[in-house]
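In what follows, a single structure is set out as structure tokens and then discussed.
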Amino acid sequence: HDPSTIYYGAQFFFKSTDRGDTWWMNANDLTNNVDRFAHPIMGVKGEAPMASKHDGYANNSNITIIRESPARRGVIWVGTDDGNLHVSTDGGLTFTNVIGNIEGGPSVTGPMNQLQVSRVEPSNFDGATAYVALDNHRNNDWKPYLFRTTDHGKTWTSVSGNLPAKGHINAVEEDYVNPDLIFVGTEFGLFVTLDGGKTFKPFSTGMPSVRIDDLLIHPRDGDLIVGTHGRSIWIADDITPLQQIGRLGTNAAVAFDTRPAIKWKNDTMQARSVPQKDFRGQNPQGGATISYWSREADEEFPFAPRSSGPTSTA
């Protein structure tokens, strides 16, 4: 909402309204203040830690994610790596821990709590709505936990649908046009739901079954950008047909709105050296792509848009 405002997390919540020149800190520790050096898995105090240098886990509790609602200014979500989930409705002045309101989530007690809030995705459409993904694999629980609230965390509903039973969630991305279109990145692949989390399908044609670390929908081009763990960056070009999937209804066939096409004039000069050409990727062909859907052709997967491929821009 304000390009000069920056949020930062340690065990405390920090806020700057002048691009980092000055900072304000909320004085409350938002974590459980776990000292993992004091437990055998991390090593006894005074000795070198063991697990922390292998899985990237911090020696002490930390904030893992901070997200502000794009739909309502001042609604801020904070998740930690020791099982806390806070929400503020006043720009970070006060926070409420709402993790206890989640029913059906992982139950972890004791001083060595390693339940991590891996992602909070505030809705683009409603300031009181948000999605939270919980990662409990460090407690040998690999289930995908995804919940949605519509009342600032007072109540929660599971929206993990039929996701595979093994594969904790690392990334969640709600579409900015269609609120029922949500992408989820797990430890073993990418999934999509078209009904708000009731049912999921794999969304990884041509992409390896790999850990997904981050997701982003390009706000201008409508491309889905996928960041993987060690297997490069992948882009699903033009997901706008999925954004328009609600218009199928009882129609036998539907042609989706197309993106503006660009007519390119390529530089054919070969005299000068272009050393970077050996390092560039293969881009899609130019021209306009018309995506359409046919009920008869898509009985197996009735939500997959077909493409006619690039055509003339004339």
Side-chain angles (χ1 to χ4, degrees), residues 104-106 116 118-121 123-124 131-137 141-148 157-218 221-248 254 256 281-282 284 289 291-309:
Q116 180 167 312
S118 58
R119 192 59 56 101
V120 179
E121 176 73 358
S123 173
N124 296 304
Y131 299 84
V132 60
L134 304 178
D135 174 3
N136 198 38
H137 86 274
D141 177 7
W142 292 73
K143 295 179 182 178
Y145 293 102
L146 182 63
F147 298 90
R148 177 178 59 213
T157 303
S158 175
V159 288
S160 55
N162 60 335
L163 284 170
K166 185 175 182 180
H168 57 273
I169 297 172
N170 301 314
V172 181
E173 182 76 0
E174 180 197 54
D175 185 58
Y176 56 84
V177 175
N178 181 355
D180 291 328
L181 176 60
I182 304 169
F183 298 92
V184 171
T186 76
E187 190 72 8
F188 302 113
L190 178 63
F191 297 85
V192 61
T193 176
L194 300 170
D195 52 19
K198 296 177 182 178
T199 56
F200 284 87
K201 290 183 179 293
F203 193 73
S204 53
T205 302
M207 188 173 70
S209 297
V210 65
R211 168 176 162 176
I212 306 300
D213 279 340
D214 207 0
L215 297 168
L216 179 68
I217 298 175
H218 196 290
D221 295 337
D223 295 339
L224 177 66
I225 305 167
V226 183
T228 74
H229 185 83
R231 293 296 182 271
S232 189
I233 298 173
W234 296 73
I235 298 178
D237 294 304
D238 191 10
I239 64 166
T240 54
L242 294 179
Q243 295 173 338
Q244 305 168 41
I245 207 74
R247 68 169 62 174
L248 296 183
V254 172
F256 299 103
Q282 180 64 45
T289 298
S291 296
Y292 63 93
W293 175 86
S294 169
R295 187 177 301 277
E296 181 180 356
D298 284 319
E299 293 180 355
E300 180 178 357
F301 183 45
F303 306 117
R306 304 295 184 183
S307 174
S308 66

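In this chain, residues are counted from 1 in sequence order.
One finds the CG atom of N162 at 13.0 Å from the NZ atom of K198 (value rounded to the nearest 0.5 Å). One distance of note links CG of D135 with CD of E187; it measures 8.0 Å at 0.5 Å rounding. Of the inter-residue distances, the one linking L242 atom CG with W293 atom CH2 reads 13.0 Å to the nearest 0.5 angstrom. Rounding to the nearest 0.5 Å gives a distance of 7.5 Å between CD of E173 and CG of N124.
Other residues, nucleotides and ligands place more than 12 heavy atoms under 6.0 Å from the CZ atom of R247.
Listed by first and then second residue, the ring-ring contact (aromatic ring centres under 6.0 Å, His included) pairs involving residues 184-206 are F183-F203 (not counting sequence neighbours). For the ring-ring contact (aromatic ring centres under 6.0 Å, His included) condition, no pair includes a residue of residues 221-246, sequence neighbours left out.
Checked for salt-bridge contact, R119 and D214 meet the test: a charged N lies under 4.0 Å from a carboxylate O.
With V226 as reference, L215 is the one residue of L215, D213, I235, I233 to meet the side-chain contact (heavy atoms from CB on, under 4.5 Å) rule. For the pairing with V184, the side-chain contact (heavy atoms from CB on, under 4.5 Å) check across I169, V159, V192 returns one residue only, I169.
Residues R148 and G196 approach most closely at NH1-O, 3.1 Å, considering heavy atoms. Across every non-hydrogen atom of P144 and G167, the tightest pair is CB-O, 3.4 Å.
Although no hydrogens or angles enter the test, the distance criterion places no donor-acceptor pair under 3.5 Å between the side chain of T228 and the main chain of I212. Distance alone, capped at 3.5 Å, places no donor-acceptor pair between the Y145 side chain and the S158 backbone. Judged by distance alone, with hydrogens and angles left aside, the side-chain atoms of S118 form a donor-acceptor pair with the main-chain N or O of A133 at under 3.5 Å. Distance alone, capped at 3.5 Å, places no donor-acceptor pair between the D175 side chain and the I182 backbone. Distance alone, capped at 3.5 Å, places no donor-acceptor pair between the E174 side chain and the E121 backbone. Checked by atom type and distance alone, the side chain of R211 never pairs as donor or acceptor with a backbone atom of N170 at under 3.5 Å. The backbone N or O of Q243 lies less than 3.5 Å from no partner atom in the side chain of T240, so there is not a single donor-acceptor pair.
Side-chain contact between P106 and L134: present, with at least one pair of heavy atoms (C-beta onward) separated by less than 4.5 Å. Between D238 and T289 the shortest side-chain heavy-atom distance does not fall below 4.5 Å.
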> Between I245 and L181, does a side chain to side chain contact (heavy atoms under 4.5 Å, CB included) hold up when you go through it step by step?
Replying inline: CA-CA 9 Å; I245 207 74; L181 176 60; over 6 Å; no
>> I'd like to know whether D237 forms a side chain to side chain contact (heavy atoms under 4.5 Å, CB included) with D223, so could you lay out the CA-CA distance, the side-chain angles of the two residues, the decisive distance to 0.1 Å, and finally the verdict.
In response: CA-CA 5 Å; D237 294 304; D223 295 339; 3.9 Å; yes
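Note on ring orientation: taking the six-membered ring where Trp is involved, the planes of H137 and H168 are parallel (angle under 30°, cut-offs 30° and 60°).
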